[in-house]
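Every value quoted in this text rests on a predicted model; they were computed, and no experiment measured them. In what follows, residues are counted from 1 in the order of the sequence shown. Remember, it's 1-based here, ligands and their atoms both numbered in the order they're listed.
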Amino acid sequence: MRTVARHWADFQYEIYLNGMAGAVPRLPTDLTRLEELAEQRLGPGPVGYVAGSAGSGSTARANRSALERRRIVPRVLRDVHERDLSVEVLGRALPAPLALAPVGVLSIMHPDAECAAARAAAGQGVPFVLSSASSTPMEQVAEAMGDAERWFQLYWPRDPEVARSFLNRAEAAGFGVLVVTLDTPLLAWRPRDLDQAYLPFLHGVGTANYFSDPAFRAGLAKPVHEDPNAAVTHFVGMFADPSKTWPDLAFLREHWDGPIVLKGVLHPDDARRAVEAGMDGVVVSNHGGRQVAGSVAAADALPGVVEAVGDRLTVLFDSGVRTGDDIFKALALGARAVLVGRPYVYGLGLDGRPGVEHVIRCLLAELDLTLALSGHATPGTIGPADLTEGPG
Ligand SMILES: Cc1cc2nc3c(=O)[nH]c(=O)nc-3n(C[C@H](O)[C@H](O)[C@H](O)COP(=O)(O)O)c2cc1C
Ligand SMILES: CCCCCCC(=O)C(=O)O
């Protein structure tokens with residue numbers, strides 16, 4: 001089950017060695033600088049879609065301040081010479097507690113889109129979570145990844161035949177974990193997209209899994225290429241179903257053999273219901289602040305969910321992770337692993353597959369060093385005692 005330990009911090013030495021030969025990294029190693037660079041190079045439409053969040057952005061800001069407010073209390077003299085970031089998640093041996101979050105429509109950022117991001121993840125051994133709303137059909141992404149660890153994110157289609165078809169296709173294409181996103185039964189009020197009237201799906205971008213799906217196409221009067229507008233309209237009506245309730249999860253359990261993880265859980269009672277429904281995990285997430293404006297910060301919700309179900313479910317975390325120390329803090333609050341969204345999307349936009357690799361390597365090198373400098377040799381020894389809450 002265990003993976004061979006990788007020396008993530010070696011990336012630091014690689015960078016310095018390259019520097020002796022006159023080369024500096026193509027992208028900044030402070031990943032918080034990527035958004036601005038991406039906006040300069042790619043323009044406001046696509047980057048506005050990626051960077052944007054719900055309402056005035058208060059949830060996205062709260063995500064950051066909830067992580068920044070928590071401070072690591074380093075320990076010394078603990079023999080951190082040999083380190084191993086590997087963890088077991090949902091029965092899978094991962095080289096580090098990190099996965100790439102499901103992000104739709106990656107083709108707005110780079111023509112190689114999901115395949116480039118998926119190859120980068122595969123090369124680093126990090127799971128890639130493919131969005132239902134990808135610009136590339138799931139089978140093509142699977143082919144790009146070989147045997148590498150891949151999970152499929154479901155936007156639960158209104159039509160059960162389409163839902164069943166997605167699950168069958170994902171299973172057949174080797175996606176091992178189903179991540180069901182529950183926080184987006186409707187698209188939130190997102191002023192940055194509204195002000196630019198920019199929504200790629202309405203142009204048939206990010207609809208590849210639907211337009212390639214036999215059950216979806218069976219609902220169209222004409223083939224997609226003959227009437228693309230009708231296909232888009234069908235997609236908009238199909239994409240999600242706000243009338244779903246907890247008992248509906250039985251359908252997914254019935255049609256998916258592997259682990260099922262519910263994404264977008266913030267309340268301990270919802271986490272308890274996930275246990276009752278036979279789910280395997282939850283992602284404590286507020287969708288990177290893109291859904292409920294004024295929502296609780298994901299890092300503030302994490303301890304309550306861990307306390308409620310941490311001994312019965314795998315608790316994952318996302319929303320606001322930008323650095324290795326953010327990952328450390330999420331682990332200290334009880335997450336088993338974290339998902340990262342926007343940083344890798346900016347890396348993709350700026351440099352394709354190498355840009356995504358850069359982001360993964362920076363995050364994990366920084367995590368490795370943070371672990372060592374805080375007195376830990378493995379993620380397993382990190383806990384709440386490693387954190388304090390600083391002022392403001
Ligand atoms: C442009 C964009 C598209 C997204 N698309 C999806 C999606 O298709 N499915 C999904 O479950 N989450 C989606 N998310 C949310 C991410 O999975 C994740 O929860 C969020 O990005 C984490 O926050 P972070 O960006 O601060 O890391 C999207 C996020 C962004 C930024
Ligand atoms: C109408 C399709 C909406 C897909 C939403 C993708 C997403 O999760 C996000 O933008 O956030």
Side-chain angles (χ1 to χ4, degrees), residues 31-32 34-35 38 45-54 57 59-64 66-67 98-109 113-114 117 128-135 138 151-158 178-190 192-193 198-210 232-242 261-266 283-292 295 297-299 316-323 326-327 330 338-349 359 363:
L31 302 178
T32 63
L34 295 182
E35 177 181 330
V47 176
Y49 179 71
V50 174
S53 36
T59 303
R61 287 192 297 277
N63 285 338
R64 286 299 309 144
L67 285 165
L98 178 71
L100 297 193
V103 171
V105 273
L106 289 181
S107 62
I108 63 174
M109 296 299 278
E114 288 81 9
F128 179 69
V129 190
L130 180 71
S131 165
S132 279
S134 62
S135 351
M138 60 182 101
W151 303 357
F152 181 71
Q153 177 268 326
L154 185 73
Y155 274 134
W156 197 339
R158 189 184 296 270
L178 183 69
V179 178
V180 185
T181 300
L182 299 177
D183 57 20
T184 313
L186 305 160
L187 207 57
W189 186 252
R190 296 180 179 176
R192 254 178 110 160
D193 299 336
Y198 180 86
L199 194 62
F201 307 96
L202 302 184
H203 303 279
V205 183
T207 54
N209 286 319
Y210 302 83
V232 166
T233 305
H234 192 49
F235 161 78
V236 170
M238 174 74 61
F239 142 81
D241 178 2
V261 175
L262 302 183
K263 177 170 180 280
V265 170
L266 293 163
V283 187
V284 175
S285 163
N286 56 30
H287 212 99
R290 294 164 72 78
Q291 284 300 100
V292 178
S295 159
L316 306 175
F317 172 82
D318 78 25
S319 298
V321 171
R322 298 292 175 269
T323 62
D326 291 337
I327 301 177
V338 309
L339 280 63
V340 66
R342 293 181 184 87
Y344 93 78
V345 181
Y346 299 135
L348 175 73
V359 168
L363 284 172

Hey, does V261 have a side-chain heavy atom less than 4.5 Å from the side chain of W151?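 With C-beta onward as the side chain, the pair stays apart.
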
Just checking, R192 and Y198: is the charged tip under 6.0 Å from the six-membered ring centre and within 45° of the axis?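 The answer is no; the distance or angle limit is not met.
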
Select all protein residues for which some heavy-atom-to-ligand 2 distance is less than 4.0 Å, and list them by chain and number.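 Within 4.0 Å of ligand 2, protein side: Y49, Y155, L187, R190, F201, F235, F239, H287, R290.
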
Distance-only side-chain donor-acceptor flag, [X] / [Y], under 3.5 Å:
| X | Y | answer |
| --- | --- | --- |
| T59 | S295 | no |
| S319 | H287 | no |
| N286 | D183 | no |

Determine whether a donor-acceptor pair (N or O, by modelled atom type, separation under 3.5 Å) exists between the side chain of E114 and the backbone of L106.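 Confirmed, E114 side chain pairs with L106 backbone.
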
E35 side-chain N/O to V47 backbone N/O, donor-acceptor pair under 3.5 Å: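 Such a contact is absent between E35 side chain and V47 backbone.
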
Where does ligand 1 get N/O contacts under 3.5 Å from the protein, atom by atom?
residue: ligand 1; atom: 5 (N); partner: G104; partner atom: N; Å: 3.0
residue: ligand 1; atom: 8 (O); partner: G104; partner atom: N; Å: 3.4
residue: ligand 1; atom: 8 (O); partner: S131; partner atom: OG; Å: 2.6
residue: ligand 1; atom: 9 (N); partner: Q153; partner atom: OE1; Å: 3.2
residue: ligand 1; atom: 9 (N); partner: Y155; partner atom: OH; Å: 3.2
residue: ligand 1; atom: 11 (O); partner: T181; partner atom: OG1; Å: 2.6
residue: ligand 1; atom: 11 (O); partner: K263; partner atom: NZ; Å: 3.1
residue: ligand 1; atom: 12 (N); partner: P102; partner atom: O; Å: 3.2
residue: ligand 1; atom: 12 (N); partner: K263; partner atom: NZ; Å: 3.0
residue: ligand 1; atom: 14 (N); partner: P102; partner atom: O; Å: 3.3
residue: ligand 1; atom: 14 (N); partner: H287; partner atom: NE2; Å: 3.3
residue: ligand 1; atom: 17 (O); partner: P102; partner atom: O; Å: 2.7
residue: ligand 1; atom: 17 (O); partner: K263; partner atom: NZ; Å: 3.0
residue: ligand 1; atom: 19 (O); partner: K263; partner atom: NZ; Å: 3.0
residue: ligand 1; atom: 19 (O); partner: D318; partner atom: OD1; Å: 3.2
residue: ligand 1; atom: 19 (O); partner: D318; partner atom: OD2; Å: 2.8
residue: ligand 1; atom: 25 (O); partner: R342; partner atom: N; Å: 3.0
residue: ligand 1; atom: 25 (O); partner: R342; partner atom: NH1; Å: 3.1
residue: ligand 1; atom: 26 (O); partner: G320; partner atom: N; Å: 2.9
residue: ligand 1; atom: 26 (O); partner: R322; partner atom: NH1; Å: 3.1
residue: ligand 1; atom: 26 (O); partner: R322; partner atom: NH2; Å: 2.8
residue: ligand 1; atom: 26 (O); partner: R342; partner atom: NH1; Å: 3.3
residue: ligand 1; atom: 27 (O); partner: R322; partner atom: NH1; Å: 3.3
residue: ligand 1; atom: 27 (O); partner: G341; partner atom: N; Å: 2.9

Run the numbers on D326 and R64 for salt bridge (charged side-chain N to carboxylate O under 4.0 Å, His left out), then give the verdict. CA-CA 9 Å; D326 291 337; R64 286 299 309 144; 2.8 Å; yes

Criterion side chain to side chain donor-acceptor pair (under 3.5 Å) against N209, the qualifying member of S131, S134, S132: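 With N209 as partner, S131, S134, S132 yield a single side chain to side chain donor-acceptor pair (under 3.5 Å), made by S134.
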
